[in-house]
Amino acid sequence: MTAGAIDCLVNVHFGETESQPSWMLKVRDDYFNGPESMFAPVDLSDLLDEMDDHGVRKAILMDSLSKPSTTARKFVEARPDRFALAMGGLNLLRPVPTLRELTAAAGDLPVAYAVVGPSFWGDGQYPPSDAVYYPLYAKCAELRLPLCLNTGIPGPPIPGEVQHPMHLDRVCVRFPELKLCMIHGADPWWDVAIRLLLKYANLRLMTSAWSPKRLPESLLHYMRTRGPEKVIYASDWPVLRMQRVLPEARALDLPADVLDNYLYNNAQDFFFGKER
């Protein structure tokens, strides 16, 4: 392993609020069995130390148009060589002002990708095949800005059907110019996600919020064979700490070149490549 790693989903904004919504506490306690410190404020030097200790050369920090993260933007300003942003908080029911804001943010800030969780807005009513997403797809394609969409059943007790990866089938057909990535895995629909990855050149999958040792063998087989350039590493830090997931990732039964792709090269090409 020579390339190091890019952690494509890191949360530094949790500590910006005094209290978390009940569903976030439930995810921490019941789903991930995480420590209370998961929602503590983040120190820049501590995060850089953890990155350095585990070979993470860059991290993409979650941000929001609707509620900008002062911590994420401060970290990016302090260390633009180590951090970029993932821009969420998109109001797809008001597309014109939202996409103006996204365009401005992508021009002014180091935005690596835009992000939407279909289960997490609109009461989980709108699957990604719904036309309400189409202005966002067109704008991201125009900006050559990758778009990440949550797939798989979510941890919080909210509707999950809208995150079935099959909803992306029509999206990839209608927007072949759009760089699209499934995030947070695709459980329990891994085989559907793999089939879509085989089918569409513009589609990727990110394993954020998944312990690498718990990834299904079908996905590892795909990475070793037909998909060495399609799967991207991320931790969802601090939900899963780098000190846990990176040793697990490096212990996977993957050839060295495939592991390099998973940890670094695929993210570098997809989120930071020549088109960006």
Side-chain angles (χ1 to χ4, degrees), residues 3-20 24 37-91 97-117 120 136 139-140 142-148 179 181 183 206 208-209 232-243 245-246 263-276:
I6 298 175
D7 196 326
C8 294
L9 204 164
V10 169
N11 302 283
V12 298
H13 62 284
F14 289 157
E16 294 176 356
T17 57
E18 292 184 3
S19 61
Q20 297 293 329
M24 282 287 284
S37 61
M38 183 183 295
F39 299 134
V42 180
D43 181 80
L44 173 59
S45 61
D46 290 344
L47 178 57
L48 287 170
D49 286 346
E50 186 168 350
M51 291 169 62
D52 291 342
D53 287 345
H54 299 282
V56 177
R57 295 168 58 179
K58 300 178 186 176
I60 301 176
L61 311 179
M62 292 298 294
D63 197 5
S64 172
L65 285 181
S66 60
K67 190 177 181 182
S69 168
T70 56
T71 306
R73 297 191 185 193
K74 180 177 69 175
F75 286 9
V76 163
E77 183 177 359
R79 293 300 304 267
D81 58 322
R82 302 296 298 272
F83 298 113
L85 298 172
M87 194 60 65
L90 308 174
N91 183 356
T98 295
L99 296 180
R100 285 196 188 117
E101 290 181 44
L102 179 61
T103 301
D108 295 339
L109 299 167
V111 179
Y113 62 82
V115 58
V116 177
F120 292 83
L136 176 63
K139 178 55 68 175
C140 285
E142 176 189 338
L143 297 175
R144 297 183 177 180
L145 179 67
L147 175 63
C148 292
K179 298 176 71 173
C181 183
I183 64 173
M206 186 190 298
S208 48
I232 294 171
Y233 159 79
S235 66
D236 200 21
W237 188 98
V239 177
L240 294 176
R241 306 289 299 213
M242 298 172 195
Q243 62 198 32
V245 291
L246 277 161
L263 293 180
Y264 184 89
N265 296 330
N266 294 345
Q268 177 65 28
D269 291 344
F270 196 69
F271 295 126
F272 302 102
K274 292 181 181 178
E275 289 188 357
R276 303 304 314 285

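Scope of the values below: all heavy atoms of this structure, side chains included, with no hydrogens, waters or symmetry mates. Note that this is a predicted model, so its numbers are computed, not measured.
Qualifying side chain to side chain donor-acceptor pair (under 3.5 Å) partners for R100, counting only residues two or more places apart in sequence or in other chains: none. Taking the side chain to side chain donor-acceptor pair (under 3.5 Å) definition, one finds that D108 meets it with nothing, sequence neighbours left out. Legend: residues meeting side chain to side chain donor-acceptor pair (under 3.5 Å) with S69, ordered by chain and number and at least two apart, are E16. For D63, the salt bridge (Lys or Arg N to Asp or Glu O under 4.0 Å) test picks out R73, with sequence neighbours left out. Looking at residues two or more places apart in sequence or on another chain, you find a side-chain contact (heavy atoms from CB on, under 4.5 Å) between N266 and E229, I232, N261. In this view, D52 and R82 satisfy the side chain to side chain donor-acceptor pair (under 3.5 Å) rule, not counting sequence neighbours. For D43, the side-chain contact (heavy atoms from CB on, under 4.5 Å) partners are S45, D46, not counting sequence neighbours. The side-chain contact (heavy atoms from CB on, under 4.5 Å) search around T103 returns K139, L143, not counting sequence neighbours. Contacts of Q243 classified as side-chain contact (heavy atoms from CB on, under 4.5 Å), with partners at least two apart in sequence or in another chain: E50, H54, R241.
From R79, atom CZ reaches atom CE of M51 across 8.5 Å, with rounding to the nearest 0.5 Å. Here CZ of F271 is found 11.5 Å from NZ of K58. Values are rounded to the nearest 0.5 Å. Atom NE2 of H13 and atom OG1 of T70 lie 11.0 Å apart (nearest 0.5 Å). Interatomic distance, M87 CE to L109 CG, rounded to the nearest 0.5 Å: 5.5 Å. Considering SG of C148 and CD1 of I60, their distance stands at 7.5 Å, rounded to 0.5 Å. Taking CD of E101 as the reference point, atom OG1 of T98 lies at 6.0 Å (rounded to 0.5 Å).
Looking only at side-chain heavy atoms (C-beta outward), L136 and L102 come within less than 4.5 Å of each other. Side-chain contact between M62 and L9 is present, with heavy atoms from C-beta onward closer than 4.5 Å. Annotation: side chain of W237 is in contact with side chain of V42 (closest heavy-atom distance under 4.5 Å). Here the side chains of F83 and L48 are in contact, with some heavy-atom distance below 4.5 Å.
In this structure, Y113 contributes its side chain and C8 its backbone to a donor-acceptor pair below 3.5 Å.
Considering all non-hydrogen atoms of both residues, F270 and P146 come closest at O-CG, 3.5 Å. Between S235 and D7 the shortest heavy-atom distance is OG-OD2, 2.6 Å. Here the closest heavy-atom approach between residue A105 and residue V111 is recorded as O-CG2, 3.7 Å. Across A114 and L90, no two heavy atoms sit closer than the pair CB-CD1, 4.4 Å.
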